[in-house]
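Atoms within each ligand, like the ligands themselves, are counted from 1 in listed order. For this chain, numbers begin at 1 and follow the sequence in order.
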Amino acid sequence: MSDVFTGNFTQQEPISEEGIAAAVAVMRSGRLHRYNLTEDEVGEVSALEQEFARSVGAKYCLAVASGGYAMGCALRAMGVGAGDKVLTNAFTLAPVPGAIASVGAVPVFVGVTEALVIDLEDLAAKADQADVLMLSHMRGHICDMEALMALCDAHGIRVIEDCAHTMGGGWKGIPSGRYGALSCYSTQTYKHMNSGEGGLLVGDDAELMARATILTGSYMLYGRNGAVPEAEVFEAVKYDTPNVSGRMDHLRAAILRPQLRNLDQQVAAWNARHDVILNGLRGTPGLAVVERPEGEQYVGSSIQFLLLDWAEEKIHDALARCAARGVELKWFGGAEPVAFTSRYDSWRYAPSNPMPKSDRVLKGIVDMRIPLTFSVEDCAFIARIIRAEVGAVFQAG
Ligand SMILES: *Cc1c(COP(=O)(O)O)cnc(C)c1O
């Protein structure tokens, strides 16, 4: 049937031949561990750290086992521990409160606006409850970073940025991850660079990054890292920082380096697809698109829209009709977490107070991934399908 979309929403692009050749060379060497180096060898992991630090303009960078690991490591490096409270987004994914819980700390959820960014009013109201904010740029929506930093600075709140969805993006010309004291990126398959699993942690604070380096499991070999502070900074921290092993290996780094060189082109490709869908959905009855604010350099690797104040069965109906035409949409508002969708009140280990304004938004969020294996024409077709099916359900009343 020609009116059914047949693309696969979880199919990523293959690893480039250049990446495959680099990975094969690492395997031929047998030296996969980041500290298994010949005398003067930099190694793939350190080279990646230097290149990533340069690409975002950070002083220091650590390549680690996952984005979630990077977040836990950042919290530990800041000294967050058992019983401490950490502010974070109510609209995010499970690894974010999970990283907070992994150090024994307790998430304090901050609401979400209709622009799908953290609610700065709610943050101001809760600012005296914690001195660390784990800011998740969920689905690539970046809040007014100047206003956020002014608020956090005024309250002595240190910011860790979760840039799992904003790698390659930025706010007002500054790369995402350069406002907070520490920032975390993921190179897991469904993010902006793909090494299966993997993460990156960046920052400019020498002591924090020295602690983070020891935490990743550098032993006393940190001198072989690519983008870490001077040796004397380690003197102050090396005996009282535990090893919580979570390094990246050369194989993953080898796959990532060519992807980093290609990231800007990937961002342009995502945004071309994202914008075609956004424009195609604008004006659909009952559906609110999420406009991108000026100053936001987004990466459209996914798209969200709102079915605000829709009855649950209508949302189910619209999603089922889209699914029947091959368009896989995820509803973040479901009472039970499905696949990766989740919301703050489904993390029962982290008790929360109801947030009616945010609940209204969360209940209406519909989400769709945009794999680069889709063409721009595919994206136009997808938008026509959503427009027709959502519009039909809305107008049926
Ligand atoms: C994927 C993801 C993470 C964690 O990354 P992993 O590499 O899978 O551990 C953190 N935050 C958000 C918002 C994510 O989507």
Side-chain angles (χ1 to χ4, degrees), residues 9-10 12 45 48 52 61-76 86-103 105 107 109-110 112 116-118 132-143 159-169 176-177 180 182-202 212 215-216 244-249 251-253 255-256 259-260 270 290 298-304 330 332 337-344 346-347 350 362 365 367-371:
F9 281 81
T10 54
Q12 302 296 68
V45 178
L48 173 68
F52 192 76
C61 177
L62 277 170
V64 297
S66 73
Y69 179 89
M71 294 190 292
C73 182
L75 290 164
R76 274 200 183 87
V86 175
L87 295 156
T88 195
N89 305 61
F91 174 47
T92 188
L93 289 173
V96 179
I100 295 168
S102 79
V103 300
F109 294 109
V110 181
V112 60
L116 302 191
V117 296
I118 194 164
V132 173
L133 166 67
M134 173 69 77
L135 174 66
S136 185
H137 303 298
M138 176 61 174
R139 284 298 185 255
H141 297 280
I142 304 176
C143 72
V159 178
I160 301 171
E161 292 183 69
D162 165 20
C163 303
H165 301 169
T166 54
M167 180 190 278
S176 187
L182 291 170
S183 296
C184 311
Y185 305 79
S186 169
T187 62
Q188 187 239 75
T189 291
Y190 297 110
K191 312 300 164 85
H192 297 174
M193 299 199 294
N194 174 11
S195 59
E197 303 284 356
L200 292 153
L201 176 66
V202 305
L215 282 165
T216 61
V244 186
S245 237
R247 297 167 302 269
M248 185 180 280
D249 59 85
L251 197 50
R252 289 185 169 84
I255 295 171
L256 290 171
Q259 294 181 54
L260 180 57
W270 263 309
V290 182
Y298 56 94
V299 183
S301 54
S302 69
I303 191 162
Q304 294 69 42
K330 303 279 180 205
F332 277 103
V338 177
F340 59 82
T341 62
S342 210
R343 56 179 213 201
Y344 71 97
S346 55
W347 300 312
L362 287 168
I365 301 175
D367 173 72
M368 192 187 87
R369 308 187 61 248
I370 308 177

>> Which label fits Tyr344 and Phe109: parallel for a plane angle under 30°, tilted from 30 to 60°, or perpendicular past 60°?
In response: tilted

>> As a quick check of understanding, evaluate side chain to side chain contact (heavy atoms under 4.5 Å, CB included) for Phe52 and Leu260, giving each step before the final call.
In response: CA-CA 7 Å; Phe52 192 76; Leu260 180 57; 3.9 Å; yes

>> Please verify the inter-ring angle class for Trp270 with His192; under 30° counts as parallel, over 60° as perpendicular, anything in between as tilted.
In response: tilted

> Do Asp162 and Ser136 have side-chain N/O donor and acceptor atoms under 3.5 Å apart?
Replying inline: yes

Would you mind writing out a table of all protein N or O atoms found under 3.5 Å from any N or O atom of ligand 1, naming both atoms and giving the distance to 0.1 Å?
unit_1: ligand 1; atom_1: 5 (O); unit_2: Ser186; atom_2: OG; d: 3.3
unit_1: ligand 1; atom_1: 7 (O); unit_2: Gly67; atom_2: N; d: 2.8
unit_1: ligand 1; atom_1: 7 (O); unit_2: Ser186; atom_2: OG; d: 2.7
unit_1: ligand 1; atom_1: 8 (O); unit_2: Gln188; atom_2: NE2; d: 2.9
unit_1: ligand 1; atom_1: 9 (O); unit_2: Gly67; atom_2: N; d: 3.4
unit_1: ligand 1; atom_1: 9 (O); unit_2: Gly68; atom_2: N; d: 2.8
unit_1: ligand 1; atom_1: 11 (N); unit_2: Asp162; atom_2: OD1; d: 3.3
unit_1: ligand 1; atom_1: 11 (N); unit_2: Asp162; atom_2: OD2; d: 2.8
unit_1: ligand 1; atom_1: 15 (O); unit_2: His165; atom_2: NE2; d: 2.5
unit_1: ligand 1; atom_1: 15 (O); unit_2: Lys191; atom_2: NZ; d: 3.0

> For Val299 and Thr166, what are the C-alpha separation, side-chain angles and deciding distance, and is it a side chain to side chain contact (heavy atoms under 4.5 Å, CB included)?
Replying inline: CA-CA 6 Å; Val299 183; Thr166 54; 5.8 Å; no

> Checking Ser195 side chain against Arg252 main chain: does a donor-acceptor pair fall under 3.5 Å?
Replying inline: no

